[in-house]
There are 2 protein chains.
Amino acid sequence: MSDPPHSVDPVQLGAYFALVEVSSLLRHAIEQQLHDDAGLTFVRFQILRRLQLSTTGSHRMTDLADAIVFSRSGLTYQAGLLEKDGLVVRARSADDERGVTISITDAGRALVEAVLPGHEEVVTGMLFEPLSREDARTLTDLLEPVREHMRAAPPRSASSRRRKGTST
Amino acid sequence: MSDPPHSVDPVQLGAYFALVEVSSLLRHAIEQQLHDDAGLTFVRFQILRRLQLSTTGSHRMTDLADAIVFSRSGLTYQAGLLEKDGLVVRARSADDERGVTISITDAGRALVEAVLPGHEEVVTGMLFEPLSREDARTLTDLLEPVREHMRAAPPRSASSRRRKGTST
DNA sequence: TATTGTTATACTCTATAACTATA
DNA sequence: TATAGTTATAGAGTATAACAATA
């Protein structure tokens, strides 16, 4: 019972548990702050933030879905909510008539700007209070390769469609 | 426009983004593996794992809810599902007649044991492939204080029973 | 009176499959 | 035929508030 065939590195296990717990607690706190301050969910905030960080303020729907690990229909749903509030706009892509380009509006930018301070306050207070700046850098250095590694493996939102009816 | 009143440490910001993205991607992958291999959600798996790790194989409901950052009603719901499948049992606490003690069953332990290898495979493959053992230890060393710090702050989910040392 | 856990409810979110249109 | 996005649908999960029982 306590000696299963799979010998796990306890160090890894500890890191994994800590990561899960920390991100879970952080996520909860963020979710609440965003909700209270701007009526935003974390998902919608992420969408807005991604758009805002983009040079063009725009993204292709599928790309965005991939970036946030979402099904396309899920993104359509969230985009609909954001659009209804005037925070984003959708339009057919210029280069590809099949595509849809979602763009952040001025109101969207303003909202992000308005929430950011409180958002960062939560993040700073919860995540970085016990960490030095150097620690933060170390954390990034550790997680950045992991992120790239995870992104390299393609759990794409589009792949689900491909693997499905493709008996051909 | 590029000089808002809130000056954020870009290093911290990077660490935060990386953490969010990594944990999100990891969570998705885990969720899928647990579902495919055992029909478990991440939340239910966490409940079982917590119980299994406990010396007694048991926990008080509220304690468990706190541990997993859940509302008590949410835990009641999940516990109901687990109990229906014979993976846990609930009984009135011996010392406190108001309380309920939830315990993992043999079937529950067996299921956890059965899923663990695949689970760890996912975690190892996604999270630790780009990390050395030393990196993993560093990661833990960074996140452990954060976890404790977060735990020290009053959890929002437990607001209804927040009278710890406050007021009165 | 405060706390524990459950219930009832209402709501949000997510994924799947079918559908339209473009490539 | 394959891809991009939407829609319809259906199910799961969560929190809140009211409630019963115990401290």
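In the text below, chain A, chain B and the rest are named by the order of the sequence lines, each starting its count at 1.
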Compare side-chain N and O positions of B:Arg90 against OP1 and OP2 of C:dT6 and report whether any pair is under 4.0 Å apart. yes
In one Ile/Leu/Val/Met/Phe/Trp/Tyr side-chain cluster, 4.5 Å: A:Val122, A:Leu48: yes
Numerically ordered, the residues 93-105 of chain B set in heavy-atom contact under 4.0 Å with DNA chain D is B:Asp96, B:Glu97, B:Arg98
Does a side-chain heavy-atom distance below 4.5 Å link B:Thr140 with A:Leu19? no
Whole-Å distance between D:dC19 P and B:Arg72 CZ? 16 Å
Could you state the atom-to-atom distance from NE2 of B:His28 to C1' of C:dA15 in whole Å? 11 Å
In whole Å, what is the span from the CZ atom of A:Arg92 to the P atom of D:dA4? 13 Å
Whole-Å gap separating P (D:dA4) and CZ (A:Phe70): 19 Å
Answer whether the closest heavy-atom distance between the side chains of B:Arg60 and B:Asp96 falls below 4.5 Å. yes
Tell me, do B:Leu111 and B:Asp85 make a side-chain contact under 4.5 Å, heavy atoms counted? no
Proximity to DNA chain D (any heavy atom under 4.0 Å), residues of residues 73-86 of chain B only: B:Ser73, B:Tyr77, B:Gln78, B:Leu81
Is it true that, when you exclude A:Asp106 itself, more than 12 heavy atoms of the residues, nucleotides or ligands shown sit nearer than 6.0 Å to its CG? no
Rounding to a whole Å, what distance do you find between A:Leu34:CG and C:dC13:C1'? 16 Å
Salt bridge (Lys or Arg N to Asp or Glu O under 4.0 Å) evaluation trace for A:Glu113 with A:Arg109: CA-CA 6 Å; A:Glu113 287 298 327; A:Arg109 289 183 189 276; over 6 Å; no
Using atom CE of A:Met61 as one end and atom C1' of D:dT7 as the other, report the distance to the nearest whole Å. 13 Å
Please give me every residue in residues 41-59 of chain B whose heavy atoms get under 4.0 Å of an atom in DNA chain D, ordered by residue number. B:Thr41, B:Val43, B:Arg44
Distance check needed: C:dT16 P versus B:Gln32 CD, whole Å only. 9 Å
Can B:Arg50 be said to sit on top of B:Phe45's aromatic six-ring, NZ or CZ under 6.0 Å from centre and within 45° of the ring axis? no
Check whether A:Tyr77 forms a cation-pi arrangement with A:Arg72 (NZ or CZ under 6.0 Å from the six-membered ring centre, at most 45° off the ring normal). no
In whole angstrom, what separates B:Glu31's CD from C:dC13's P? 17 Å
Are B:Thr76 and B:Met61 close enough that some pair of their side-chain heavy atoms sits under 4.5 Å apart? yes
Within the 4.5 Å heavy-atom criterion, are B:Leu51 and B:Leu64 side-chain neighbours or not? yes
So, for B:Phe128 and A:His149, is the gap between ring centers shorter than 6.0 Å? no
